[in-house]
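Note sheet for the following structure.
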Amino acid sequence: MSYDLIVIGSGPGGYVCAIRAAQLGMKVAVVEKMKTLGGTCLNIGCIPSKALLYASEMFEEAAHGLGALGVVVGPPKLDLAAMMKHKDDTVAANVNGVAYLFKKNKIDPVFGVGRIAAPGKVEVAGADGATTTLETRAIVIATGSDVARLPGVEIDEKTVVSSTGALALAKPPAKLLVVGAGVIGLELGSVWARLGSEVVVVEYLDRILPGMDGEVARQFQRLLEKQGFRFHLGHKVASVARTSSGAKVTIEPAKGGEATTLEADGVLVAIGRRPYTEGLGLEAIGVAMERGQVVIDDHFQTNAPGVYAIGDAVRGPMLAHKAEDEGVAIAEILAGQAGHVNYEAIPSVVYTSPEVAVVGKTEEELKAAGIAYRVGKFPFSANGRARAMRHTDGFVKILADAATDRLLGAHILGYGAGEMIHEAVVLMEFGGSAEDLARCTHAHPTMSEAIKEAAMAVAKRAIHI
Ligand SMILES: Cc1cc2nc3c(=O)[nH]c(=O)nc-3n(C[C@H](O)[C@H](O)[C@H](O)COP(=O)(O)OP(=O)(O)OC[C@H]3O[C@@H](n4cnc5c(N)ncnc54)[C@H](O)[C@@H]3O)c2cc1C
């Protein structure tokens, strides 16, 4: 079979790339080694985690939130099997949706492990052992990422789990030790904390959410502590030993010092993800790699002719929407158009309670770059809608260039932050200023009014504080 484009990997990078390429008239095949389409994101990442985050938030609301609104219910009972069914049904609806979109766009899914035999040639080893060779003008590597492992710590996906196992635990562990205070550790830690686990987080750095705005991270940590989280910051895991009922985890101060042993019923290793390119044959065809990532130029091209790469397998934030936008861009470039991704305006969301949503630079980054900036802040405790919904935790922080007022960053800690961040994203795409944001009429009463007020606060003219 001969194609214009073969995409290896059907995650958000790969499947979106395939659809856009098909829209542009290309004959496309997608090679996928899992049984279903959609990659990490749809099968064992974004989608199942959000299904459990939503369901567990409802459980928590029923237990502790509704009474204050005058809605009296008895203590809620956890039906974990039903909650997991909701998660599985959500995953199925999404992966089947991708299969439908492939049919609609006449894209050939090819199930099996793909290997680039040579530029223009992809070998697919099927589950039945048979190998098929496909010919193509262009190849896009969209093979994504895999769980990063702690040396010497065996993940059995039952007691010591990665994010994949943490999405399918048979019961809430009485005590869950989470290694890593990044997005995935805090999201999945939140799920199990709401369902009854005592959650203890061990983090190597002396802060949570590395890379995000420090002020947001500090306030978020206090809110998580109010929810029962306990943190051992500045500590590393020295060993994890299985016991008959769980695990003993020995931690040491990162800077050196006395070790402590913690007992837990479950351990979630959430120290990050690493690019996944095993078995692709990249060494044989001489594709340049750096720190496990496929090296690409500004047009997603590797050093091998006709071989491109996108998503978690290449540099940049490991986010589904970044992979999707790169998929669109490379499809358009291959069709002779000017595909492009603006890496300055990629939002990032932590889907906890409250949510954290950010776009652009942090204060720390601006300081390090020597860029003069002005800050506008507004707390949700002064927002009418937030009070009406009892979601007053958190604040909005707007960072604008001191000389031009151009928006440089927006940081939101609060209920619904993940939806609200996009007005800042759109504004940044258009090179807008804090003044532009401040002069846009925002519907009243909405949480989003806090963004307008924070933008007004940049010029010290917030009204409601
Ligand atoms: C628990 C969890 C929650 C997350 N939540 C979010 C979130 O809320 N928002 C967000 O933006 N991101 C989230 N992410 C990250 C997100 O899942 C990734 O950034 C995204 O999936 C990357 O997309 P991708 O297309 O590059 O790769 P992937 O989604 O990893 O897809 C790669 C695909 O390639 C296939 N593949 C690999 N090698 C081969 C081969 N040789 N032959 C055939 N197929 C192959 C794999 O089986 C896989 O299906 C989350 C991740 C996890 C683990």
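Note that this is a predicted model, so its numbers are computed, not measured. Read the numbers this way: they start at 1 and go in the same order the structure lists the ligands and their atoms. Note: hydrogens, waters and symmetry copies are ignored here, and every other heavy atom, side chains too, is used.
For the pair K397 and F380, the cation-pi criterion (under 6.0 Å, within 45° of the ring axis) is not fulfilled.
Under the 4.0 Å criterion applied to side-chain N and carboxylate O atoms, R315 and E326 are assigned as salt-bridge partners. Of the charged side-chain nitrogens involved, none lies within less than 4.0 Å of a carboxylate oxygen, so that E154 and R242 do not count as a salt-bridged pair.
Those atoms of ligand 1 that come under 4.0 Å of a heavy atom in A142, given as number and element, are 32 (C), 33 (C), 34 (O). Close approach to S163 involves these atoms of ligand 1, each under 4.0 Å from a residue heavy atom: 1 (C), 53 (C). Taking a cut-off of under 4.0 Å to the non-hydrogen atoms of M318, the atoms of ligand 1 that pass are 15 (C), 19 (O).
Of the candidates C46, G144, P317, G38, C46 brings a heavy atom nearest to atom 14 (N) of ligand 1.
Using 4.0 Å as the threshold, S348 has no heavy atom nearer than that to any atom of ligand 1. At least one heavy atom of S145 sits closer than 4.0 Å to an atom of ligand 1. Distances from ligand 1 to the non-hydrogen atoms of R273 include at least one value under 4.0 Å. At least one heavy atom of S49 sits less than 4.0 Å from an atom of ligand 1. A heavy-atom separation below 4.0 Å is found between K50 and ligand 1. For I44, the heavy-atom gap to ligand 1 drops under 4.0 angstrom.
Inspection of the N43 and T36 side chains reveals an N or O donor paired with an N or O acceptor under 3.5 Å. For the 3.5 Å distance criterion, the side chains of D312 and S145 qualify, holding a donor opposite an acceptor.
Taking only nitrogen or oxygen atoms, main chain and side chain alike, G311 does not reach within less than 3.5 Å of ligand 1.
Taking the ring-ring contact (aromatic ring centres under 6.0 Å, His included) definition, one finds that Y415 meets it with H391, sequence neighbours left out. Taking the salt bridge (charged side-chain N to carboxylate O under 4.0 Å, His left out) definition, one finds that D146 meets it with R274, sequence neighbours left out.
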